[in-house]
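No experiment lies behind these values; they were computed from the predicted model shown. These values consider heavy atoms only, across backbone and side chains, with no hydrogens, waters or symmetry-generated copies.
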Amino acid sequence: VQLQAFGGGLVQAGDSLRLSCAASGRTFSNDVMGWFRQAPGKERDFVAAITSSGKTTYYEDSVKGRFVISRDNAKITLYLQMNSLKPEDTGVYYCAARASVPTRAAAYNYWGQGTLVTVPA
């Protein structure tokens with residue numbers, strides 16, 4: 001089972017970026033999936049999560065209104081559309097799958113390798 005996140009990069013403040021997370025070895029179509037980020041020297045923090053159907057989403061307060069999480073179960077892919085990026089959004093973004101509590105990192109069973117997003121001040 002593998003989750004592979006990609007789409008990160010170096011962007012300017014105010015720009016947009018879309019992250020993708022492709023799954024293999026398992027469909028995850030019945031599982032919650034989420035995005036977390038880890039800034040240098042800090043813990044891995046919750047960013048957004050989505051239920052298996054896609055009908056319910058969860059967001060960390062600082063990204064509400066700027067980020068949109070979505071999923072395509074047919075493609076077994078998770079997305080994170082990030083708009084109006086800020087320097088404080090800088091970090092390694094990880095996708096994760098299968099959790100009993102969507103906002104808790106410790107609750108997730110599967111993790112991707114992470115993709116770096118850098119937004120210079």
Side-chain angles (χ1 to χ4, degrees):
V1 177
Q2 186 176 14
L3 293 172
Q4 185 171 2
F6 54 95
L10 173 65
V11 296
Q12 299 304 309
D15 286 351
S16 297
L17 203 60
R18 188 174 86 155
L19 305 183
S20 300
C21 174
S24 59
R26 181 187 170 96
T27 64
F28 295 113
S29 59
N30 295 320
D31 298 315
V32 166
M33 299 187 75
W35 288 98
F36 291 76
R37 67 185 175 195
Q38 188 166 19
K42 296 187 177 181
E43 296 183 351
R44 192 171 300 186
D45 294 328
F46 169 74
V47 175
I50 187 168
T51 56
S52 58
S53 66
K55 292 181 179 180
T56 302
T57 56
Y58 307 84
Y59 294 97
E60 192 272 328
D61 285 346
S62 70
V63 307
K64 286 180 180 177
R66 298 189 298 122
F67 290 11
V68 179
I69 188 171
S70 62
R71 64 191 295 165
D72 185 333
N73 287 336
K75 295 181 179 179
I76 323 176
T77 303
L78 178 71
Y79 303 99
L80 185 67
Q81 177 66 43
M82 304 186 294
N83 302 317
S84 302
L85 282 160
K86 303 177 180 180
E88 50 264 43
D89 295 320
T90 293
V92 177
Y93 282 71
Y94 297 90
C95 59
R98 194 177 182 190
S100 56
V101 180
T103 60
R104 287 182 57 190
Y108 281 82
N109 289 276
Y110 299 95
W111 289 88
Q113 86 290 356
T115 184
L116 177 63
V117 174
T118 304
V119 188

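With values rounded to the nearest 0.5 angstrom, R71 atom CZ is found 7.5 Å from S29 atom OG. Put simply, OH on Y59 and CD1 on I50 are 7.0 Å apart, with the number rounded to the nearest 0.5 Å. Put simply, OG1 on T115 and CG on L80 are 11.0 Å apart, with the number rounded to the nearest 0.5 Å. For the atom pair R18 CZ and F6 CZ, the distance stands at 8.5 Å (nearest 0.5 Å).
No single ILVMFWY cluster, assembled from side-chain heavy atoms under 4.5 Å apart, contains both L17 and V92. In this structure, V47 is not a member of the same hydrophobic cluster as Y58, with clusters built from ILVMFWY side-chain heavy atoms closer than 4.5 Å.
The two residues T90 and V119 make their nearest non-hydrogen contact at OG1-N, 2.8 Å. Of all the heavy atoms in S20 and T77, the pair that sits closest is CB-CG2, 4.3 Å. In terms of heavy atoms, P87 sits closest to P120 at CG-O, 3.7 Å. Nearest heavy-atom pair across Q81 and S16 is NE2-CB, 3.8 Å.
Considering only heavy atoms from C-beta on, V117 comes within 4.5 Å of L19 through its side chain. Contact of the F28 side chain with the L3 side chain is registered, since non-hydrogen atoms from C-beta on lie closer than 4.5 Å. For the pair L78 and I69, the minimum side-chain heavy-atom distance is below 4.5 Å.
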Under 3.5 Å, which donor-acceptor pairs do the side chains of residues 30-39 form with other protein atoms, sequence neighbours left out?
from: D31; atom 1: OD2; to: R26; atom 2: NE; distance (Å): 3.3
from: D31; atom 1: OD2; to: R26; atom 2: NH2; distance (Å): 3.1
from: W35; atom 1: NE1; to: Y79; atom 2: O; distance (Å): 3.2
from: R37; atom 1: NH1; to: D89; atom 2: OD1; distance (Å): 2.9
from: R37; atom 1: NH1; to: Y93; atom 2: OH; distance (Å): 2.9
from: R37; atom 1: NH2; to: S62; atom 2: OG; distance (Å): 3.4
from: Q38; atom 1: NE2; to: K42; atom 2: O; distance (Å): 3.0

Donor-acceptor contacts under 3.5 Å from residues 101-114 side chains, at least two apart:
from: Y108; atom 1: OH; to: P102; atom 2: O; distance (Å): 2.6
from: N109; atom 1: ND2; to: R98; atom 2: O; distance (Å): 2.9
from: Q113; atom 1: OE1; to: A5; atom 2: N; distance (Å): 3.3
from: Q113; atom 1: NE2; to: A5; atom 2: O; distance (Å): 2.9

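Listed for the D15 side chain is no donor-acceptor partner under 3.5 Å among the backbone atoms of L85.
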